[in-house]
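Below you'll find the structure, written out as structure tokens, and then a few comments.
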There are 2 protein chains.
Amino acid sequence: MASSIHDLARHLNISIGTVSRALNGRADVNADTRQRVLDAAKKLNYSPNQSGRSLRQGATHSIAFMLQPHPGDQQYGEPFFIPFLIGLQGRLAESGLDLTVVMGAPGDYQQERLRRVVETRRADAVLLAWTRREDERIDYLTQVGFPFATLGRSRSGGKAYPSLDLDFEKAGGDAVDRLVARGHRRIAAIRPSLNLNFSYLFLDGYRKALKRHGIEVDPALIADGFINEAGGYQVTPRVMQAKDRPTAIIFNNDAMALGGCKALAEMGIRPGHDIAVTVIVDTPLCRYFSPALTAFRPPLEPMGRRLAEMLLASLPAFAGPGGPRIIHEVWPLELIARDSD
Amino acid sequence: MASSIHDLARHLNISIGTVSRALNGRADVNADTRQRVLDAAKKLNYSPNQSGRSLRQGATHSIAFMLQPHPGDQQYGEPFFIPFLIGLQGRLAESGLDLTVVMGAPGDYQQERLRRVVETRRADAVLLAWTRREDERIDYLTQVGFPFATLGRSRSGGKAYPSLDLDFEKAGGDAVDRLVARGHRRIAAIRPSLNLNFSYLFLDGYRKALKRHGIEVDPALIADGFINEAGGYQVTPRVMQAKDRPTAIIFNNDAMALGGCKALAEMGIRPGHDIAVTVIVDTPLCRYFSPALTAFRPPLEPMGRRLAEMLLASLPAFAGPGGPRIIHEVWPLELIARDSD
DNA sequence: CGTTTTTCCGTAAACGTTTACGAGAACACA
DNA sequence: TGTGTTCTCGTAAACGTTTACGGAAAAACG
């Protein structure tokens, strides 16, 4: 049933070596025989056994993307990543690589699963998302010398790996600028806990922009909570209880914004009327919420493509003529003005 | 660096055969030597090369879950599946199996990717979701005799594969019952197009319940659209233009409900006040939306665990003493009453 | 003590590829 | 014609495992 290279060879009365060379497009095979091999391969529905290839070549031809729910986050997930994955997979496929998403159990922050992938050599490289400020995954991978790239920056591992990130700092500043221009002075910031790197960047941008406008940074207007609806719901009332009530809130996460708006609604506060709401990472949620939420949108699919390219460029086997290169890029977020501010 | 079974053997001065047997827990190896092997394995940080194992055993020890955005659905994804995947991965890990999620490019409905997985033998079995009424993936897999299980039922492929589904028919009926009990007679149904199987089940339940209550089924109150926010947004006004305006809408999809509520808001119609809204599959969205949406909730994580178990039970290599069994189950959806109806 | 059974381990083949090496044939060139 | 080059292909080893087979040593048994 599963036809092997031997079947092809027997069928054509040539050696398996020639068949392999023909299939792999090597130069030292007659054009005529190559065609015959290709035809036979199609006819016998042949496709190479990956285990065999991997074993011989020491490469799996697949890239692992580590996807993991945050600890305790049983209910919701990562819609954010889907368009990103589409771009990723598209670009990888062009280079003959498979993308496999490996799920971690919630809570262990991927370390165990990551080790498993690396040690059993299930992938040729790994893609990490939601990098933390100090990231043990990055430490581990650099230590064992396993190729990887990250979506997001980190302090860990030096800069010896490709990374693509969004400019959360600028977005945080732009959000403040826009709100200040609209007359706001009391601006709250709500961000995820866990030491996610983008959350720090966002806060930096927020703080710097306030200072630029001569506005004092009030700790009572800054809060962090769990990175989902429940977290936003829980933490938003806290900033609303500040002595001098905020007239605007910037949420660093769409899910938290959703929960926060729920909390606001229960307090009788209407986004867009009684308070201005801005969200840093846009998803379709923001668009279809009532009122539609002003948000900063990342070009997710192009980001996926680009990160794939950057990863490939760093791998000796795929790098272009110039040899392997480590590329770092930071992309801007585009403001989508809607009704909530 | 990557230590092989040969390194272990050399280090212990025994043959690789013995090492392998010790590692795999076979009976014909001395308890003492086994311990020495295990210790050495830990010390040398050995873990078996998957390609080697797979090649020899003809099994990859991994299960593929096919995840694919619907054609044209660039923006949003499958948050629905995350808890499901957690359950799945947890149960598979207990049997030493890896779960890899394989992404398809949007649009080709997975056929090409599926073939690729099957033909290159990257997984031992496949898990399909969002089954269609007539499903070419199922036809293909049964035809080539590749093991699989499905989340959702289908007309294709006979019944020779395990399947776990939710009782959308009952949920559709229950939703109608509840609305009728609250005085509604004009009840609209909005569901995804594409011939997704659950969408038909839902509609069947809806229709039967209406008839049970002596209410005529009005085609003007039934609409289908694309399975995302945009689809709901686009199609909801259509049912609202029916001669005798509906006083309630049942959405068969949470994303469509979100889009639909946006459309309603633009028409000045408030869910929970001017119209009753019920959603068949609950997500955190429904809970945090304003107003919170009444919805039917599936136990996603247990479903994942259970489907993994059912798949394993159907595989000769993992089936229990009774031999392989094909199990079919249909689980109920639990109504979560909130504020929208 | 001799025979049979059990325990334990080494040998080697096999899984399906890729690829270094070498060799025969055809060709080019003087 | 002789020599060197090019084209094409077969041979066989190698990747890291698992496992059937057989055999030596130890244990059990009479």
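Every chain is numbered from 1 and lettered A, B, ... according to where its sequence line falls, protein lines coming before strand lines. Only heavy atoms go into these numbers, but all of them, side chains included; no hydrogens, no water, no symmetry mates.
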Hey, does the side chain of [X] come within less than 4.0 Å of [N]'s phosphate (OP1/OP2), counting only N and O?
X: A/Asn49; N: C/dC15; result: no
X: A/Ser20; N: C/dT18; result: yes
X: B/Arg53; N: D/dT18; result: yes

Round to the nearest Å and state the distance from [X] atom [atom1] to [N] atom [atom2].
X: B/His61; N: D/dT18; atom1: NE2; atom2: C1'; answer: 10 Å
X: A/Arg121; N: D/dG16; atom1: CZ; atom2: P; answer: 8 Å
X: B/Leu12; N: C/dG10; atom1: CG; atom2: P; answer: 10 Å
X: B/Leu55; N: C/dT18; atom1: CG; atom2: P; answer: 12 Å
X: B/Asp7; N: D/dT17; atom1: CG; atom2: P; answer: 9 Å

Pairing residues for B/Ser163 by the side chain to side chain donor-acceptor pair (under 3.5 Å) criterion, not counting sequence neighbours: B/His328
Does the distance from a Lys or Arg side-chain N to an Asp or Glu carboxylate O, for B/Asp98 and A/Arg113, drop under 4.0 Å? yes
Please tell me which of the listed nucleotides, D/dT17, C/dT17, D/dT18, lies nearest to the side chain of A/Tyr46? C/dT17
Side chains of residues 309-326 of chain B: which donor-acceptor partners sit under 3.5 Å, not counting sequence neighbours?
unit_1   : atom_1 : unit_2   : atom_2 : d
B/Glu309 : OE1    : B/Arg306 : NH1    : 3.2
B/Glu309 : OE2    : B/Arg91  : NE     : 3.2
B/Ser314 : OG     : B/Leu311 : O      : 2.7

By salt bridge (Lys or Arg N to Asp or Glu O under 4.0 Å), which residues pair with B/Asp7, not counting sequence neighbours? B/Arg10
Just by distance, do the side chain of [X] and the backbone of [Y] share a donor-acceptor pair under 3.5 Å?
X: A/Asp124; Y: A/Thr60; value: yes
X: B/Asp135; Y: B/Arg132; value: yes
X: B/Arg121; Y: B/Glu119; value: yes

Please output the side-chain donor-acceptor pairs of residues 17-29 of chain A that fall under 3.5 Å, not counting sequence neighbours, one pair per line with the distance.
unit_1  : atom_1 : unit_2  : atom_2 : d
A/Thr18 : OG1    : A/Ser15 : OG     : 3.2
A/Thr18 : OG1    : A/Arg21 : NH2    : 3.4

Axis-to-axis angle between the two ends of the helix from C/dC1-D/dG30 to C/dA30-D/dT1 (five base pairs per end, rounded to 10 degrees): 40°
List the protein contact pattern of nucleotides 5-14 of chain D with one symbol per nucleotide (5' to 3'): B for base contact, S for sugar-phosphate-only contact, - for none; contact means a heavy-atom distance under 4.0 Å. ---BBBB-BB
